[in-house]
Amino acid sequence: MKLEATGPEALRELARCIAATGERVEQESIELSNLVIRTLVDDLDKITANRTAARPGAC
């Protein structure tokens with residue numbers, strides 16, 4: 001990253017860049033958490049289906 005401004009404006013520009021980076025990191029963290037949750041739910045569904053299929057007379 002290269003700051004074009006100098007003095008106080010450079011600090012404001014740097015603060016904007018840091019804020020934007022933080023927002024991106026937060027969004028990526030949320031997306032990763034959602035992916036992990038979906039994967040766990042899918043795995044649980046498969047385990048439940050396998051257990052149900054393994055029991056004779058199960059609904």
Side-chain angles (χ1 to χ4, degrees):
M1 176 183 73
K2 181 180 177 191
L3 293 176
E4 301 295 328
T6 58
E9 184 55 38
L11 292 176
R12 284 190 283 276
E13 187 176 333
L14 180 58
R16 283 191 295 272
C17 289
I18 290 170
T21 299
E23 289 171 7
R24 282 194 305 273
V25 168
E26 182 178 359
Q27 182 60 39
E28 289 174 7
S29 176
I30 291 168
E31 290 172 5
L32 181 58
S33 295
N34 288 340
L35 176 62
V36 168
I37 291 168
R38 282 193 307 272
T39 301
L40 290 173
V41 169
D42 288 348
D43 289 349
L44 183 57
D45 287 344
K46 289 175 189 171
I47 291 168
T48 302
N50 288 340
R51 285 186 180 171
T52 301
R55 288 186 286 164
C59 296

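Hydrogens, waters and symmetry mates play no part in the numbers below; they use all other heavy atoms, side chains included. The shown structure was predicted, so the numbers you read here are calculated from the model rather than taken from an experiment.
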>> Between Thr39 (side chain only) and Leu35 (backbone N and O only), is there a donor and an acceptor less than 3.5 Å apart?
In response: yes

> Got a second to check how far Ile37's CD1 is from Leu32's CG, nearest 0.5 Å?
Replying inline: 10.0 Å

> Under the criterion side chain to side chain contact (heavy atoms under 4.5 Å, CB included), which of Asn34, Leu40, Val41 is the partner of Arg38?
Replying inline: Asn34

> For residues 16-34, which residue pairs qualify under salt bridge (Lys or Arg N to Asp or Glu O under 4.0 Å), counting only residues two or more places apart or in two chains?
Replying inline: Glu9-Arg16

